[in-house]
Amino acid sequence: MPESRLCLSLTGKTLRSNLDCISKYRKKIDMVELRADFLKPSELGSIQRFPGKCDLPVIFTVRLHRDGGYFSGKEKDRRKLLSEAAGSGYSYIDIEEDLVDRELEHHIRKNGARIIRSIHDFSGVPGNLAGRIRNLSHNPADIPKAAVMPQNTLELLRLIEIFQDLETSQKILIGMGELGLLTRVLAPKLGSWLSYCSSPEKEAAPGHLDPDQLIDLYRFKSIDASTQIFGVIGNPIRHSLSPQIHNYGYKVLGINAVYLPLLVEDLESFFRLADILRIKGLSVTLPLKESVISHLAEQDERLGSIGACNTLVRKASGWYGTNTDVDGFLKPLKTMCLNKELTDRPQAGEFGPGPRLKATVIGAGGAARSVVYALNQCGIKPLILNRTTERAESLARRFGCPYSGIDAQGYALIEEYSDLIVQSTSVGMEPQAGGDPLPDYRFKGTELVYDLVYKPHLTRFLQRAQDAGCRIIPGLEMLKSQAEAQFKLFTGREYPIYSVSRYNN
Ligand code: NAP
């Protein structure tokens, strides 16, 4: 058995469908949990035969509504089910903290099963959690378990501190919800006896990953005490493709590292957490690119001019901040020019001889700062259009560019600055795909249109541009090139370019 097991929670309504689910993931999992509360009542009479049909250790659980389950029968029926399971070959019986029944416990142990003693809290990380976990086990063979849902980064930090302080050798500690993702992936490193997962069709608890994600994307089976941790911080973060890019690189190059999406709403607590976990490097996305700067010990000299930081690398002195968005943005643009795809239109400074490219940047947030800085480096002073005119003005003043709000004046000005249009707002990004930052602009077909949004691959804005005959650059191109630069900073190794298309599948 590995140090930390991967346990598939079975959420089917029938025992047959649960057996099918086991077959599907058999190679990836170490044990299963039969959640009797998900079963149709008519199936409960057959639970005794279930362990004999599985070639894996099985946990038996009957979860009540208040603990996040679906069992609505009488208390005596729940105890009866637990008691029946104990004599039927289940290896573990999960009993909640408040179910104190010495006779039942004795019966379970006498039948050779072990007790998992569990606490569930969906409202947060309770203040006295460490003490409650210590008091959970009534017998040295019992395994204490706490599944709690951190409501913010500070609570996640407290949960990780409890992980570190608990001397119990066998324990199951889980942070539920999106904030708790790292506890599920890092279970082997943090010392949790198991990590639960469930089928994507029906998750057993909030924040469950499925076995494919845990094994193929995060390489759960290779995580150990020496695995280096990297990640991307932001809010929201669920949509990020960066874990696919970075983890694929580690896999191909055989690097013992994992890269996680980390939801962060409080940087102060997060950096304390990052110190405890010794996180080595971080990508930074919206809305944190500006606010991380005050936490840096050292920074790339360009950061002062850009005012946005998308990369943090841990150094002896603290966090070193830099920005790979600038080069990441320019690379696909340069590639297009080098490929002579722009031969029929004016080219700018660095892109070749000829008159200056006239460009528009829509947006004035963190990404726009990098784009305007990059274009400025190429001798281009783009028109900056933004919903909030004051933000457009402030960015424009920094680089000496024209600016406007997205209004009649903005629409009139863009006609003059339309060789290249860069869309750098979050409009059109999932889950609000379909939004259009410039709905009244009619493409002529001569513009080169670059949208930084990478999910969906083709935004409504890019689709309109393409339909009008424009050349387009989807945001994934920039995402890839800025991530490859980060990969080099994080690992000291070149990203394995030959396999770059794989992570996009
Ligand atoms: P940010 O700092 O939060 O800025 C958001 C920008 O979007 C601001 O200009 C904001 O205008 C504008 N905006 C937001 N909602 C709007 C709405 N409903 N209507 C009009 N404008 C709206 O975010 P960011 O870091 O610049 O990121 C922006 C986008 O670029 C995100 O989708 C991000 O994923 C993408 N990005 C992609 C890459 C890549 O590698 N492809 C790299 C970086 C960023 P106001 O000032 O008026 O609020």
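As the structure lists them, so they are numbered: ligands from 1, and atoms in each ligand from 1. No hydrogens, no waters, no symmetry mates; every other heavy atom, side chains included, goes into these values.
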List in chain and number order the residues that pass ring pair (Phe, Tyr, Trp, His ring centres under 6.0 Å) with Tyr250, two or more places apart in sequence or in another chain; answer none if no residue qualifies.
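Counting only residues at least two positions away or on another chain, Tyr250 forms a ring pair (Phe, Tyr, Trp, His ring centres under 6.0 Å) with Phe230, Phe487.
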By ring pair (Phe, Tyr, Trp, His ring centres under 6.0 Å) - contacts of His246 (at least two apart)
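Residues passing ring pair (Phe, Tyr, Trp, His ring centres under 6.0 Å) with His246: Tyr259, Phe490.
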Donor-acceptor side-chain pairing of Asn323 and Asp300 below 3.5 angstrom:
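No donor-acceptor contact under 3.5 Å links the two side chains.
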Partners meeting side-chain contact (heavy atoms from CB on, under 4.5 Å) with Tyr70 (sequence neighbours left out)
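Once residues adjacent in sequence are excluded, the partners of Tyr70 under the side-chain contact (heavy atoms from CB on, under 4.5 Å) criterion are Asp37, Phe38, Lys202.
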So, Phe329 versus Tyr450, ring centres under 6.0 angstrom or not?
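Distance test on ring centres: under 6.0 Å, yes.
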Derivation and outcome, salt bridge (Lys or Arg N to Asp or Glu O under 4.0 Å), residues Glu484 and Lys488
CA-CA 6 Å; Glu484 285 163 19; Lys488 178 88 194 281; over 6 Å; no
Can you name the residues that come within less than 4.0 Å of ligand 1, going by heavy atoms only?
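Within 4.0 Å of ligand 1, protein side: Leu286, Lys289, Asp325, Gly363, Ala364, Gly365, Gly366, Ala367, Asn386, Arg387, Thr388, Arg391, Ser424, Thr425, Ser426, Val427, Met429, Leu452, Val453, Tyr454, Gly475, Met478, Leu479, Gln482.
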